[in-house]
Amino acid sequence: TQLWYLSIISTILWLLIARKPEKKDESVQTVIQGILNRGIGAVLIVADDNRVLYFNSEFEQLFPAIAGALSITQYPEILKLFRDKEYVSEEQSKIYEINSETLEEKNSIQGKFVWLVDVTGHYKTNKKLKELKEMADTANKAKSNFLANMSHEIRTPINTVLGMDEIILRETTETAVRSYAENI
């Protein structure tokens, strides 16, 4: 699914940046910008020289300094997005997966784009599953220890009773006592 997602993003970005807008394409440009502004995640597009070409509103919310920036060179936190695989926003208490791709059009723009996908719910679910697994492992270990101890605690008195019963069977001549001992 990530490959499919990447191909959709690449196509949209190519349509947005690489094509020269004509009058009839303005509605397509508006639709594409609408798509990039909601539902995809935070998107940033820069040229090879780190000039800012495009960013959507979600990206601006994460990095407000981008609004007035012509280049990302002076923003090391944004530059890290093109190297890292994960971004943690402490202000918004969210975790993002970072996806990046290179734009390479022969007669058009060359650069790179990055988009961030909110994976906070996924991380919270995994954390909860790990906690539940640890609880289950602890309960299983406690059960095993209990059974091991109880097995020993029960086996010793039962062996004593059976041993005494065998002595009674060997020694007694009374039929009632022998009958009771045989029942044991």
Side-chain angles (χ1 to χ4, degrees), residues 1-140:
T1 57
Q2 188 167 2
L3 187 59
W4 175 83
Y5 192 62
L6 182 63
S7 66
I8 294 292
I9 294 288
S10 298
T11 304
I12 289 172
L13 291 174
W14 180 81
L15 287 170
L16 180 66
I17 292 175
R19 292 184 63 196
K20 294 182 174 38
E22 300 171 10
K23 286 200 177 219
K24 62 181 177 183
D25 285 342
E26 287 179 17
S27 62
V28 172
Q29 296 286 335
T30 304
V31 169
I32 292 169
Q33 284 186 343
I35 291 169
L36 290 175
N37 278 327
R38 66 178 188 278
I40 279 187
V43 176
L44 171 68
I45 305 167
V46 295
D48 277 342
D49 61 357
N50 288 333
R51 279 182 301 115
V52 176
L53 299 174
Y54 176 82
F55 57 89
N56 65 2
S57 56
E58 289 183 52
F59 194 87
E60 187 177 6
Q61 287 175 353
L62 284 173
F63 302 96
I66 197 72
L70 298 175
S71 173
I72 62 169
T73 308
Q74 65 266 25
Y75 301 103
E77 190 173 357
I78 294 176
L79 285 170
K80 282 179 24 179
L81 296 177
F82 292 98
R83 294 187 307 266
D84 295 347
K85 296 289 180 201
E86 185 176 276
Y87 172 73
V88 178
S89 170
E90 306 219 352
E91 289 176 10
Q92 296 183 356
S93 301
K94 290 187 178 184
I95 302 169
Y96 293 90
E97 177 185 63
I98 301 172
N99 302 287
S100 61
E101 189 64 39
T102 303
L103 297 171
E104 294 181 16
E105 292 295 323
K106 291 181 183 174
N107 297 325
S108 187
I109 204 133
Q110 293 193 357
K112 52 198 170 215
F113 68 93
V114 65
W115 74 98
L116 288 72
V117 179
D118 185 357
V119 291
T120 308
H122 176 72
Y123 272 82
K124 286 180 180 178
T125 301
N126 278 349
K127 184 177 178 183
K128 185 67 174 174
L129 287 173
K130 284 179 185 175
E131 290 172 2
L132 291 172
K133 182 187 179 300
E134 288 173 9
M135 287 173 50
D137 288 345
T138 302
N140 190 32

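Index from 1, following the sequence.
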Worksheet item: Where does the angle between the aromatic ring planes of W115 and F113 fall among parallel (under 30°), tilted (30 to 60°) and perpendicular (over 60°)?
Response: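 Ring orientation, 0 to 90° scale: parallel.
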Worksheet item: Taking only residues two or more places apart in sequence, or in another chain, which ones meet Y96 in a ring pair (Phe, Tyr, Trp, His ring centres under 6.0 Å)?
Response: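 With sequence neighbours excluded, Y96 shows a ring pair (Phe, Tyr, Trp, His ring centres under 6.0 Å) to no residue whatsoever.
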Nearest 0.5 angstrom please: [X] [atom1] to [Y] [atom2], how far?
X	Y	atom1	atom2	value
K94	T120	NZ	OG1	6.5 Å
K85	N99	NZ	CG	8.0 Å
L116	E97	CG	CD	9.0 Å
F59	I78	CZ	CD1	4.5 Å
Q61	N56	CD	CG	9.0 Å
L81	L62	CG	CG	9.0 Å

Worksheet entry | Matching residue for I72 among F55, F63, F82 - test: side-chain contact (heavy atoms from CB on, under 4.5 Å) | F82
Discussion item. In the structure I gave you, are the side-chain heavy atoms of N50 and K112 within less than 4.5 Å of one another anywhere?
Written reply: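 They are in contact (side-chain heavy atoms under 4.5 Å apart), so the answer is yes.
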Practice prompt. Please lay out, stage by stage, how R51 and L70 fare under the test side chain to side chain contact (heavy atoms under 4.5 Å, CB included).
Written response: CA-CA 6 Å; R51 279 182 301 115; L70 298 175; over 6 Å; no
Item to complete: Identify the two heavy atoms, one from E60 and one from A67, that lie closest to each other, and give their separation to 0.1 Å.
Response: OE2-CB, 3.2 Å
Discussion item. By the definition side chain to side chain donor-acceptor pair (under 3.5 Å), identify the one residue from H122, K128, K130 that meets it with N126.
Written reply: H122
Item to complete: Any chance you could lay out the side chain to side chain contact (heavy atoms under 4.5 Å, CB included) test for E86 and D84, step after step, and finish with the verdict?
Response: CA-CA 6 Å; E86 185 176 276; D84 295 347; 6.0 Å; no
Fill in: Trace of the side chain to side chain contact (heavy atoms under 4.5 Å, CB included) decision for Y87 with K80
CA-CA 9 Å; Y87 172 73; K80 282 179 24 179; over 6 Å; no
Worksheet item: Is the count of non-hydrogen atoms from other residues, nucleotides or ligands lying under 6.0 Å from L132 atom CG greater than 12?
Response: yes
